[in-house]
Each structure stands twice: as C-alpha cells, then as structure tokens.
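So that the names make sense, note that chain A is the first sequence line, chain B the second, and so on, each numbered from 1. Since the structure is predicted, the reported quantities are computational estimates derived from the model, not experimental observations.
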Amino acid sequence: MATNTVPGPGQPTTLAGKAALEVDDRLIVAGPVRRTLNKVFPDHWSFLLGEIALYAFIVLLLSGTYLTFYFDASMQEVTYEGSYDALRGVEMSAAYESTLGLSFDVRGGLFIRQLHHWAALLFVAAICIHLLRIFFTGAYRRPRETNWFIGVVLLVLALLEGFAGYTLPDDLLSGTGLRIFSAVFLSIPVIGTWVYFTVFGGDFPGELIIGRLYIIHVLIIPAVLLGLIALHLLILVKQKHTQFPGAGRTEHNVVGHRLFPTFAGKATALLFIVFGLCAALGGLVQINPIWLFGPYNPSQVSAGSQPDWYIGFVDGGARIFPPWEIDLWGYHIPPVLWGALGIPGVLFMALTFYPIIERVLTKDTASHHLLQRPRDVPVRTSLGVMGLTAYIVLWISGGNDIIAERFDLSLNAMIWFGRIGFLVLPPIAYWATYRICLGLERHDREVLEHGIETGVIRRLPNGEFIEVHQPLGPVDAHGHGQLAYGGASVPKKMNQVGGARRAIKGFFKPLEEPAEVQRQAELEARGLEAARADRELTGSGRPSEGGRPSEGGRPQDPRD
Amino acid sequence: MTTTDRPGSGGGAAEAGQLHGGPDDEYSPEQLAAMDRTELDRLGARYDGVEILHVEPAPPIGSPLDKKNTRQVTFWFGLAGLSAVAFLVIYAGSGWFLPDWEWSIGSSTWSSVFTPLLGATMGLSLAAIGIGLVLYVKNLLPHETAVQDKHDGSHFDRVTTGATLMGGLHNSGLPRRKLLRRTIGFMGAAFGIMLVSPLGGYLKNPNTGNPLGTTPWGSEPDIRLVRDDGTPIRPGDQAAGSLATVFPAVENGDRAPDAAVMLIRLRPDQVATLTPAKGREDYGYGDYVAYSKICTHAGCPVSLYEQETSRILCPCHQSQFDVTQGAKPVFGPATRSLPQLPITVDDEGYFVARGDFPEPVGPSFWNIGRLG
C-alpha cells in the first residue's frame, strides 16, 4: 500500500500525512488513536481532583529522582564541614549531612527539596479530597468498587510513602517521629518486639533503618503506587466516567467533551498549574527547615514537634487515648496500640468496606453510572460527615499543644476536648447533616412544586400581598409544578433560568454588540430546545443507522 | 459481511486479510475523499459511538472578542516564556554576573532571595502556561457537547471466552487427575514459602541478651553521671528546682536510646511532699532524684519540667509525670512511671548509679512484665 506512487483518493499529500501513513502501516494504530481522541469525558470541576493527585505524583517522581542523585541514605557518623556555620563540627549521620548539603551546597537543591515536600503534601491532600468527592456522590457503587479499594490502598501507601520520605533526613523532628513509630511496632501484641527488632535490625535506632526506609521510599512504594495508579486509570477508562444527572444524561451514555482537544487541553493546563503551584510553594514558602532542628539524638526533642499534616490524626489518636494498659499475667497491651493503630485502623477499615456495607444494607446491587447529590442520600452523607468529624477531632488533637499554646488554653482541657469530642461530636454531626440534607431536599421539591421566588410582591384586590413565583415547567389546575425531581441541581434564582441576559464581554469597553448577544442567546435557547427534543426522540446519541460497535472488532449480531 | 469475515479469521486465504478494524468495505476511498474534514470527523466519532450534539463556534476570527482572547492567551504564553528566561538568568547567573547564591548566616540579600526567586519564576512560568492553555480552550476553541454510549458486557463474549477457558481446563485433565492436582498445590505452597524464606535472615530475636530490659547503666558497677560534654556532677552543682539531662560515663553513653536520665534537684517544699515508690525510698540522694528521660508511652524524651507543679511533660503526646510521686503518670496516655535510677556519690563526691533501672525503660511491649 505504501508503494503507491500516484496518490489515490484520500492518500496523504502533506509530509505529516505521509509520515502518519508510514507509522500506521507499521503499527496499525489509527483506529485505537481515533477511539481515544473521540472518548467523551464529562465536565465537572470535581472530576479534576483525582487528576491533581496524579499530577502531584508526576512532580514527586521528577523532583524525587533529582534528590536521589545527592542524598546519601546512610547512618554513618560524620562530622559536618559544609557551609552552614551553625552546625559545623557537629557529629551527625551521613543522611542528615547530605540533606544539609542539598539545602546549602547544591545550586537550587533547597528549591527542589522544598518543591518535593510541598508536592507530597499536595499529593495526599488531593487524594483525600478526591476520595471525599467519590464518597459523597456515590461514585464507588457497582461497578466501581474495585477502583474504590485501589483508591483506599493508594491513600494508605501515600501516607506510608510520605512518612518514609520525611524520615529520611534523620533530623531531630523526623527521628522523634520514627521513635514514636518504633513504639507502635513494640505495642503489637505477641510479635511486637520481634517486628521492632527485625525492622530496626536490633534496638532502636540502629544503623540500618534510614537505608531501609530509603529503598522503601524510592523503589518499593513508588513502584506499587505506579502500578496501582496505572490500574486505577485503566479501570476508569474501561468503565467510563460517571456523570451527574442532567438533561440528556442517562445510565447508558456520557455527555461532555471529547478528549481531543478540549479535555486534553484542560488536563494539560491543570498539570502545568499543579506543577506551578508546587514550584511556587517550593521556592516561596519554607518547609521542613531541617537545619534548625539539628541531627537526631534520642535524648533530645523540641516542644511543639509536629508531623506532616496527614500523619496528624494518628498522633492525635495516640494523644487522646486514655492511659489504659491491659495486663494479662505480665503480658501487656499498651494504649499506644489502640490510639495510633486501632483508631486509624477502624477508620480505614470502615472506609475500605463501605461500598460492601452499603450494598448489604440497601440491597442495591445494580450498576450505577449517574452520580447522586449528597442531599439525596442523607444516611450516606451523614455517615461520611460523621467519619470526617471523628477524623478532624483526631487531627486537631494531633496539634492540641500548638492550639493550647497559641490560644492560651489549658493543654489538659484540649486533651479532654479530644477525648469527649471524639465520642460526642460525630453523632451530633450525623444528626445535623441529616437534617440539613432533608431541608435541602425539601426546598428542591418546594421549588419544583411552587416555582422560583421572584422577589416580586403583588397586592391582590382584596388587599392580600403575595409573592409571585416563577414555575419551572408546566403547572396543573392549582398552579403546582408538574416536574419530578431528577437528581439534578434545581435552579433557585431567576438568573439561572434566563432571568437576566448574560453579561456583555469586555473590561474597559464592550467587545460585543449587546443586540447581537441578545440574538445569540435567543438562538442558543432555541438550539438547546431543539437538541433536547432530538435526544428525547433517539433516546441516546447513537444514530439510528450507520452506528457501529465502538469497542471495535467485537462481533455484533449479523446485520445482513 | 458476516462475522467470519472479521480480520484474521479468513484462515488460509492467499490474499492478505483486511488489515483495519474499520468498515473499509462500506466506505470506498472515493467516498471518503468526497467528504470534508468535519464530515470525516463526525463519521469516525459515530463509529466510536460518539455523537456531537451541539457546537458553539469560537468567536469569528478577527472579531473584537477574538482579538481580545488572542491577546490574553498571547500575554500568558509570553509571560511563561519570560519567566522561564528569568529563572535561567537567576539560576545560572548567580555567582557569575549576579551576586553569589550560596547562603550563610549573615550573608548577602541576594543569597536569601535566591530560592524564593527560583520558586517565583518557575512557578509563574508553569502556572502561566496552564492559565494560557485554559484560556485557549475556553475562549479560542469551539465548545462542543458530545455524548458517547456506554456498553454493557457482551453475552457472546462471555460465552465464547468461557468455552475457550473451560476447554483448556478440560483438556488438561486437571479436574480428573486428583493426585496431580494435589501435587501442584503442594508444589505451589512449598515454592511460595521458599521464595519468601530468605527474608528470615532479617529476623532478630529481641530476647537474646535481654536488650529491652537493660541499659548501659547496668554494663558496669558505679557508672558516673556525666553531662553531654562528659563532665561529672557533684551534689552542689545544681540549683534547687533544676533539671539536668545526664548520661552514663561509658562509650557512646550519650547516644544510647535508653540511657538518658533526668537528674532533678528538688526544692525543699518538694522534698517535704516526696513520696517515692515502694521499695525505692533509697533510690534518691539527698534532695536529688534521677528518672529515665524516655517516655513510657511512645519513647520520646520527656523534657518539659514545670517545677512549680513538679510535673514533667512529654511534648509528643502530653503525658505528665509527677517527680515527687516516683514520676508516676498523672495525666495523658502514659501508663507506667518513668523508671527511677538508683544514685549515690562515689569517694570523690561525684554522682554514680548504684545499678541499672529496676524495670525496662521506654514504651511498653507484650512481654514487659515477663522479662527475666
């Protein structure tokens, strides 16, 4: 085919076209590429939260690789001779010394180090926000339970990865965190001391742990993360994205923009913005100034030692758990087990198995591709807010010494707040959320039945004042709306139903003719109506003839 | 066309089979050549189950709106390029035609704004590319709304795939050959255990030599208490109400994770209320008491001594210990008293330990009550 000398009909004439033909002759990719470019993505800002996590991960891989070229993950004792005067002559581990070197003696090293740290904070934060979006909209329901499990595993791995990462510099702050970690290992019943000695290669801190954490941080967890993220995305692409209910959106289609160029453009833009944010933070906002902490020494600690934000809730659990040590004939189970491992463990277990719990309780085993608004599932929403409240109480308790110090409160009062708050606030949050959901639901239905409040007050001949309501659709003999609630956002303001013209563009002077804008708006309204009518006729966007299987190569019923 | 004509299924044909998945037999090259680009795009989209519902065209080229939008995008992309250049100039120029970038205490202003400038320029450059792209997509491209079908699993695929798999299993005879099946199970288990068994080399026995129950203080008799600079301490050295962190005068005594001790000189009123733990009445020396500095909750050094209330606070989880009550926990999550070090003075009048701590130092663990 490529041997044609005279271009036949449809044969490429441009250089790029010929090159593309050469490629496709060898790889036969035109079909899959077209399918990919044509893939439709729904458009909603909350669908970009997971992407932020993905892009933060890319930033982490790039900046982390940079750091490995200098960092020396060794606990060998060395004497600092670098350019930071305050620590010159101090004995420290090679890990700490090389981190100081990265910060002071490598051009731009401090910038990349801080960029990496900020990206890590953003990575975990984006995962958490993404998880909340998935949870509160019910996006984890069948068939997406697998991706939910993968997501929870990704979150746990991200936490461990972050912990391993900020422990590597072997400074006083991270060493203190590591010591607490070692106490958690020790607290495990029966095998605790064995785990502790095996992890550290002897008594804490030993001389191995930084090297071990290093390989965990730069190889093992990133490799697993990479694999799971790839799987997460593959499943996402295969299952297609969920969408919020709305005009023309059904369980059997996806309405939005095609990958190329709109979605690809926006996604690339987000990648750059995330990268830019990390870079700006990395340069402008100091983070983890390890040279102020000094090298790790088991007999020293700073007041107000705080882990990175995402470990705070574990620390909070350890702080507020009461001093209850179980003593079984000389065998002990210390409270740090429950505080630092038990409470977070229960929270994560509940998170992991929530899709299954919900399925069993609601007996809803159907596949769902349309999302739910949080208000429409008050029990789930309230449970979510309840869990979130418990998490926030733990998280606040993780910093209770800072709060007590800053606001001049009693530290012990803060701990009691944590202890009582952890038990009392979540149920209150459940109740309050439930009531708010019901209130919002009722208001939606009220607007559908009675129309939008226009703010226009009319005086009737009998002297009675009424407010005029704008119905959203056809009304019955009593003036009540006939529209049923469809799970989509209900307009509550006149402007949302075209009560006002769209603004004329232009900052200093109008760039558009107001009359033209008006004409366009009318055309658009007519066009939308026509499109809606079309859709109702065909049911889905699929043409009635000429449509072919989109998955390609899959035999359908013979048509001839 | 029937399913037997699908690619790759014309087994044994002399002619090369149809190479593409597309309906090349339905649309001849001449037909396709007669279509314009938009038609071809829509045709391909339809073939992929995608219908373009609505296209809102971009502002006409040359219109005031288009000019304004183009200016905006140009501005951001230009700014991105300029910021990147600024980054390069700052990064490479420092120490060349700009002041030195290397920071030290009290050094020039340039070195202290070097890192912030790197962040500001790179951040601005990257963010400007992102903002420019967003504006590009939003204001210069047509907005189209598309809808794509979702497909359920195909019954045909399930049945045929299942038949292939089950056929293979059936032909292997495994369902019938019980002994072979069991042997494979045994082989798999043994092989798996063999693969992970080398990890056993990392196992360390925490009970050989009782490392959890002993500290350097017990390594030899009458070890002196020394400060971190190695100097020993006499009873007259500390002011009443003060606390000093001391270490055993052995090699690396100040590095051991379980050796740090708080030597506290009590005020007279504290001495009056001093109630040592049972059997440890003689552990102190005069108005001095010595407790392990390692918190019994999670192993942090307990450091914050509030002498007014005789309390020692651990900054990690806020466990509080009363030094006049044998350092027993009075608030927070800790459950065990800080172990007390028995002290006395030697012939030269310096503090020495009379032996090791009577119980394990640091966080609790499973067999803490059973250590020999």
Side-chain angles (χ1 to χ4, degrees), chain A residues 9-10 31 34-35 38 40 83 85 110-111 179-180 183 186 189-190 192-193 197-198 203-204 240 252-255 258 262 265-266 269 272-273 275-276 279-280 282-284 298-299 301 303 318-319 321 323 325 330-332 334-336 412 511 531 540-543 548 550 552-553 555 558, chain B residues 2-3 21 29-30 32-33 44-51 53-54 64-65 68 91 104-105 115-116 118-120 122-123 126-127 129-130 133-134 137 146-150 202-204 206 211 245 257 260 293 298-301 303 315 317-318 331 333-335 363-366 368-370:
Chain A
R34 192 200 58 227
R35 267 196 291 284
N38 274 331
V40 173
S83 57
D85 300 330
L110 177 62
F111 168 56
R179 176 126 211 193
I180 298 169
L186 263 182
V190 188
T193 53
F197 263 66
T198 303
D203 209 349
F204 175 88
K240 294 206 171 76
H252 304 289
N253 70 9
V254 183
V255 178
R258 283 192 284 172
T262 312
K266 285 183 177 177
F272 278 103
I273 290 171
F275 205 154
L284 293 168
S299 68
V301 68
R319 288 180 186 207
F321 200 84
E325 183 151 328
Y331 292 111
H332 287 236
V336 73
N412 296 10
L511 290 168
S540 75
R542 191 87 177 273
R548 295 292 302 263
S550 73
Chain B
T2 62
T3 49
E30 290 77 19
L32 291 175
R46 267 222 307 281
Y47 187 79
D48 294 334
V50 174
E51 186 76 359
L53 293 179
H54 174 65
L65 198 56
K68 185 203 106 179
Y91 187 78
S104 56
I105 296 167
T115 299
L118 292 185
M122 187 188 271
L126 289 160
I129 296 176
L133 260 176
V134 169
V137 172
V147 58
Q148 183 168 27
D149 281 357
K150 266 194 182 97
Y202 290 138
L203 281 179
K204 281 262 177 183
T245 300
K293 197 178 179 179
C300 289
S303 295
H317 304 103
Q318 284 97 45
F331 192 78
T335 48
S364 291
F365 45 91
W366 177 244
I368 190 170
R370 293 242 165 183

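A distance of 9.0 Å separates CG in Leu284(A) from CZ in Phe111(A), rounded to the nearest 0.5 Å. For the atom pair OG of Ser364(B) and CG of Leu186(A), the computed distance is 9.0 Å after rounding to the nearest 0.5 Å. One finds the OH atom of Tyr331(A) at 13.0 Å from the CD1 atom of Ile368(B) (value rounded to the nearest 0.5 Å).
Inter-residue side-chain proximity for Lys293(B) and Thr245(B) is flagged as met; some heavy-atom pair is nearer than 4.5 Å. At least one side-chain heavy atom of Arg258(A) sits less than 4.5 Å from a side-chain heavy atom of Val50(B). In this structure the side chain of Arg179(A) reaches within 4.5 angstrom of the side chain of Pro257(B), judged on heavy atoms. Within the 4.5 Å cutoff, side-chain heavy atoms of Cys300(B) are placed close to those of Ile180(A). Looking at heavy atoms from C-beta onward, Pro333(B) lies out of side-chain contact with Arg319(A) at the 4.5 angstrom threshold.
The greatest number of non-hydrogen atom pairs below 4.5 Å with chain A, out of Pro206(B), Pro64(B), Gly119(B), is found for Pro206(B). Ranked by heavy-atom pairs under 4.5 Å with chain A, the first of Gly123(B), Gly130(B), Pro301(B) is Pro301(B). Ranked by heavy-atom pairs under 4.5 Å with chain A, the first of Glu30(B), Gln318(B), Met122(B) is Gln318(B). Per-residue heavy-atom pair counts under 4.5 Å with chain A were compared for Ser303(B), Ala334(B), Gly44(B), and the maximum is reached by Gly44(B). Taking chain B as the reference chain and counting heavy-atom pairs below 4.5 Å, the highest number among Asp85(A), Ile273(A), Val190(A), Leu110(A) is found for Val190(A). Across Gly282(A), Gly330(A), Pro334(A), the residue that shares the most heavy-atom pairs under 4.5 angstrom with chain B is Gly330(A). Contact tally against chain B (heavy-atom pairs below 4.5 Å) for Ala183(A), Ser299(A), Ala280(A): the top residue is Ser299(A).
Interface residue Phe331(B): only side-chain heavy atoms are found under 4.5 Å from chain A. Interface residue Leu65(B): backbone and side-chain heavy atoms are both found under 4.5 Å from chain A. Heavy atoms closer than 4.5 Å to chain A are found in both the backbone and the side chain of Val134(B). Both the backbone and the side chain of Ala146(B) come within contact range of chain A, judged by heavy atoms closer than 4.5 Å. The part of Asp203(A) that comes within reach of chain B is its side chain, from C-beta onward, which places non-hydrogen atoms under 4.5 angstrom from that chain. For chain B, the nearby parts of Phe204(A) are the backbone and the side chain; heavy atoms of each come within less than 4.5 Å.
The closest donor-acceptor contact from the side chain of Gln148(B) to the backbone of Val40(A) lies under 3.5 Å.
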